[in-house]
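Read the structure below first, then the notes.
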Amino acid sequence: MKNQVRVIGQPQPNIPWEERPQGSEAIIWRSKRNPIIPRDLIPTSNSIFNSAVVSFQGKFAGVFRCDNKARDMQLHRGFSENGVDWVIDEEPIFFVCEDPEIKYVSGYDPRVCFIEDRYYISWCNLYHNHPTIGLAYTFDFEKFYQMENALLPFNRNGVLFPKRINGNYAMLSRPSDNSHTPFGDIYYSESPDLTYWGRHRLVMKATAGWQSTKIGAGPVPIETTEGWLLIYHGVLTSCNGFVYSFGAALLDPDEPWKVINRSSEYLMSPQESYECMGDVPNVVFPCAALCDAPTGRLAIYYGAADTVVAMAFTTIGELIDFVKAKK
Ligand code: BMA
């Protein structure tokens, strides 16, 4: 039976959408146009992947991870009329930052989250060459203002919740090391002002199979009548290295560090050629999702093989049924 869950959010009827392929019973299906962003969309890029998009002024805007041909990791701004065809700036974003001690040097794996009156960008920022969670905001995708780094090194995959919870801003993150981190669990932190963070709580640990090595939050959590729906990546260590897949979990609406349900099977693993071949083979890494609240349609944006951006579709009802099935 189809789940009657409702999304607590705005109608976004113009998000990209493709019907499930005929004859398929898959919970999630890839765009026929994948990869939607090629590695060389801008002349300076080696690769464009792990990127975040949002609805903006009736169209779409985003912050893209573009690794350049010197292999510096940079964040670039982009716009789209339809969420599929993107125009990305050739120059990286310039972050206005009054404090030279925290200024942006390079960054990767951005997420974009609208809270109250502005868009916040969180990303993996290098502080004295150590990864931590950078934060900035923009009202218009023209000027970007950098804030204090949210947490201490070493940390990655900082993802904000789209509203205050119990009066405080809230963030998921994944404490890590300075390298390719062979461990990692998801934690919750809260802040009254997005500067001072505390009340850290464990949300979930890496467990087994596709999520046995480490896990990290993906797109901004989606608020539903059954709790926060979190799409997250999980990593398995094979004899040839890491394999990045993604799954989903349902978190308590008021105390999101409490997990209501969590999928034991992955939702998507790297299987298509553009997910298995590239600069880092066998990676699907979701950083954004656009949701149309009335229909529950969901368009998930993910980086593939650390090389290109791809898109996949599902609906919130089916996703929550999948999370609850606990196979
Ligand atoms: C992680 C991050 C991601 C990347 C993944 C696979 O540590 O650096 O940006 O997609 O590794 O290489």
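Note that ligands are numbered from 1 as they come in the structure, with each ligand's atoms numbered from 1 the same way.
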Next item on the list: Give a yes or no answer on whether the side chain of Asn68 reaches the backbone of Ala70 with a donor-acceptor pair at less than 3.5 Å.
Entry: yes

Any idea which atoms of ligand 1 are less than 4.0 Å away from a heavy-atom of [X]?
| X | result |
| --- | --- |
| Phe285 | 3 (C), 10 (O) |
| Asn50 | 3 (C), 4 (C), 9 (O), 10 (O) |
| Tyr108 | 8 (O) |

Checklist line | Arg156 near ligand 1 by a heavy-atom separation under 4.0 Å | finding: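 It does not, in that no heavy atom of Arg156 comes within the 4.0 Å cut-off of ligand 1.
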
Next item on the list: Report the nearest protein non-hydrogen atom to atom 7 (O) of ligand 1: residue, atom name, distance rounded to 0.1 Å.
Entry: Tyr244 OH, 3.5 Å

Item checked: atom 3 (C) of ligand 1: nearest protein contact (heavy atom, Å) -> Asp109 OD2, 3.2 Å

Notebook entry, point to check: Mind checking whether Asp306 has an N or O less than 3.5 Å away from an N or O of ligand 1?
Noted result: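 N/O-N/O distance under 3.5 Å: yes.
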
Less than 4.0 angstrom from a charged side-chain N to a carboxylate O is my criterion; do [X] and [Y] meet it?
| X | Y | result |
| --- | --- | --- |
| Glu19 | Arg297 | yes |
| Glu318 | Arg20 | yes |
| Arg156 | Asp109 | no |
| Arg33 | Glu18 | no |

Notebook entry, point to check: Any idea how Phe95 and Phe144 line up, ring-wise: parallel (<30°), tilted (30 to 60°), or perpendicular (>60°)?
Noted result: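 Judged by the thresholds at 30° and 60°, the geometry between Phe95 and Phe144 is perpendicular.
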
